[in-house]
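Beneath this line is the structure, given in structure tokens, with notes to follow.
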Amino acid sequence: MYTAHPDRYADMPYRRTGRSGLKLPALSLGLWHNFGPDRPVETQRAILRRAFDLGVTHFDLANNYGPPPGSAESALGEALKADFAPYRDELVISTKAGYLMWPGPYGEWGSRKYVLSSLDQSLNRMGLDYVDIFYSHRPDPETPLEETMGALHTAVQQGKALYVGVSNYSPEQTREAARILAELGTPLLIHQPRYSMLDRRPETSGLLDTLDELQVGSIAYSPLEQGLLTGRYLDGIPEDSRAASDSPFLNSDALTGELVGKLRELNEIAQSRGQSLAQMALAWVLREGRVTSALVGASSPRQLEDSVSAIGNLSFGADELARIDKIVAQ
């Protein structure tokens with residue numbers, strides 16, 4: 001029988017999400033990868049247990065996570081039943097709807113029918129009465145935003161979600177979503193964008209400025225750029241790496257000589273800080289407090305421990321930031 005570590009809240013910093021009452025751990029565990037049937041169940045549960053013992057109270061999912069779609073939620077459901085039933089009120093569990101889940105015209109995007117049906121299916125897979133955060137995973141170009149945001153509002157009204165968020169929305173779409181939700185009486189809590197040292201779009205598009213203005217929180221996904229910023233590729237492409245597989249998220253063509261050179265230079269800065277490249281990449285995303293939390297994946301408890309160690313040094317000198325910017329811009 002799992003018993004959580006008594007000192008689990010000793011070291012992890014928790015950041016307020018926008019102007020809400022909800023605080024998130026600086027690092028959250030994402031179940032995008034590594035929680036499908038191709039991974040040993042005991043390894044999955046060991047990762048979840050170790051995360052909670054380290055103060056990682058937020059588990060982030062989506063209906064399509066796995067593979068196959070839905071399997072990550074099912075895996076979490078089994079772990080919740082086996083290990084975390086006494087700790088549900090200490091956990092923040094989030095899920096999303098937006099990508100393809102079932103055949104036909106009602107199986108993806110942002111219609112009211114799809115969004116609310118998807119949430120019911122997600123709750124059933126996880127064995128939960130509610131999720132803490134429910135997201136629109138992507139904007140639907142053919143459905144009025146009022147309909148999608150109205151569905152999120154209904155989820156809160158039904159007691160099936162405590163808070164709502166959006167992911168992959170532009171600054172303009174985010175602003176409009178926040179306006180609609182405010183009028184309905186369900187504030188926009190959080191935005192989940194892709195953000196890393198190598199992907200600065202939340203900065204260059206003005207998204208972070210928009211979130212600051214709206215007082216909406218943010219949680220960055222892919223802060224390690226699908227593994228590029230883990231240090232695994234400093235000396236080539238390992239046979240068991242994501243880039244060596246047929247992954248749609250990272251392939252060997254991305255590993256150009258120019259990019260590897262940048263990664264090596266960034267690694268030198270990390271070493272001078274007493275961090276791994278992955279730890280520095282996570283610290284960089286969290287550096288100014290503008291990002292509420294950074295999402296990390298893990299294939300083992302040890303990998304998770306390495307990521308969590310990043311919280312030991314989240315500060316950067318102006319010279320370090322300038323060097324990083326110069327390397328990335330080359």
Side-chain angles (χ1 to χ4, degrees), residues 15-20 22 24 28 30-32 58-65 92-101 108-119 122 130-158 160-196 199 201-223 285 290-295:
R15 297 178 170 187
R16 188 167 300 280
T17 312
R19 63 185 298 270
S20 77
L22 183 68
L24 292 180
S28 299
L31 279 68
W32 184 9
H58 178 206
F59 299 157
D60 178 80
L61 299 99
N63 56 0
N64 64 325
Y65 287 177
V92 173
I93 297 172
S94 59
T95 196
K96 313 175 190 73
Y99 286 92
L100 180 64
M101 280 301 292
E108 63 178 324
W109 293 109
S111 73
R112 181 179 183 84
K113 179 171 177 60
Y114 164 74
V115 169
L116 294 177
S117 296
S118 177
L119 177 57
S122 292
Y130 72 95
V131 291
D132 297 275
I133 306 172
F134 183 43
Y135 289 87
S136 169
H137 206 168
R138 60 173 173 171
D140 183 344
E142 297 183 351
T143 297
L145 195 56
E146 289 83 358
E147 179 174 339
T148 305
M149 294 305 105
L152 296 185
H153 171 67
T154 295
V156 173
Q157 295 298 104
Q158 291 176 338
K160 296 177 180 178
L162 301 185
Y163 302 92
V164 299
V166 297
S167 181
N168 301 307
Y169 277 53
S170 71
E172 296 76 22
Q173 291 165 333
T174 301
R175 188 180 301 278
E176 183 65 4
R179 182 193 66 78
I180 294 167
L181 286 168
E183 291 181 354
L184 292 170
T186 297
L188 178 62
L189 174 79
I190 194 168
H191 189 297
Q192 188 173 132
R194 180 167 179 157
Y195 184 41
S196 74
D199 188 343
R201 284 175 292 179
E203 294 176 9
T204 58
S205 70
L207 178 62
L208 292 183
D209 292 336
T210 299
L211 298 178
D212 287 345
E213 179 187 338
L214 297 173
Q215 294 183 283
V216 170
S218 60
I219 179 167
Y221 75 88
S222 294
V285 166
R290 299 182 79 186
V291 171
T292 312
S293 184
L295 276 169

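We're numbering straight along the sequence, starting at 1. Values reported hereafter were calculated over all heavy atoms of this structure, with side chains retained and with hydrogens, waters and symmetry mates removed.
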Hey, are E203 and R290 close enough for a salt bridge, meaning a charged N less than 4.0 Å from a carboxylate O?
no
Let me see the working for I180 and E183 under side-chain contact (heavy atoms from CB on, under 4.5 Å), right down to the final yes or no.
CA-CA 5 Å; I180 294 167; E183 291 181 354; 5.6 Å; no
Specify the closest pair of heavy atoms between T17 and G217, including all atoms of both residues, with the distance to one decimal.
CG2-CA, 3.9 Å
Stepwise, does the side-chain contact (heavy atoms from CB on, under 4.5 Å) test hold for Y221 with S167?
CA-CA 10 Å; Y221 75 88; S167 181; 4.2 Å; yes
How long is the gap from CG on L116 to NZ on K160, to the nearest 0.5 Å?
7.0 Å
Given V216 and V166, is the side-chain contact (heavy atoms from CB on, under 4.5 Å) satisfied, shown in steps?
CA-CA 11 Å; V216 170; V166 297; over 6 Å; no
Charged N to carboxylate O under 4.0 angstrom, R179 versus E176?
yes
On a heavy-atom basis, which atom in D140 and which in G110 lie closest, and how many Å separate them?
OD2-N, 3.0 Å
Is it the case that the side chain of T292 and the backbone of S218 share a donor-acceptor pair, with hydrogens and angles ignored and the cut-off at 3.5 Å?
yes
What closest approach, in Å, do L207 and Y169 show between heavy atoms, and which atom pair accounts for it?
CD1-O, 4.2 Å
Distance col, row H58:NE2 vs L22:CG, nearest 0.5 angstrom, shows 8.5 Å
Atom pair CG/CD of L184 and Q157 - distance to nearest 0.5 Å:
8.5 Å
Looking only at non-hydrogen atoms, find the nearest pair between T154 and R112 and report the distance.
OG1-NH2, 2.9 Å
Do E147 side-chain atoms and S111 backbone N/O form a donor-acceptor pair below 3.5 Å?
no
Check L189, V156, V131 against V164 for a side-chain contact (heavy atoms from CB on, under 4.5 Å) and give me the one that passes.
V156
Euclidean distance, I219 CD1 relative to Q192 CD, rounded to 0.5 Å
5.5 Å
To the nearest 0.5 Å, atom CH2 of W109 lies from atom OG of S136 at 10.0 Å
Can any side-chain N or O of Y114 pair as donor or acceptor with the backbone N or O of G98 at less than 3.5 Å?
yes
Residue list, salt bridge (charged side-chain N to carboxylate O under 4.0 Å, His left out) with D132, at least two apart or on another chain
R88
Should H191 and Q173 count as side-chain neighbours, where that means a heavy-atom distance under 4.5 Å?
no
Please report the interatomic distance OG(S20) to CG(L188), rounded to the nearest 0.5 Å.
10.5 Å
For T95 and L119, the nearest pair of non-hydrogen atoms, with its separation, is CG2-CD1, 4.4 Å
Looking at every non-hydrogen atom in both residues, tell me the closest pair between S196 and V285 and how far apart they are.
CA-CG2, 4.2 Å
Verify side-chain contact (heavy atoms from CB on, under 4.5 Å) between D60 and I133, making sure each step is shown before the conclusion.
CA-CA 9 Å; D60 178 80; I133 306 172; over 6 Å; no
Counting N and O atoms only, with roles assigned by atom type, does the side chain of K96 sit under 3.5 Å from a partner on the main chain of L61, one being a donor and the other an acceptor?
yes
Using distance alone, with no hydrogens and no angle criterion, decide if N168 and Y135 have a side-chain donor and acceptor under 3.5 Å apart.
no
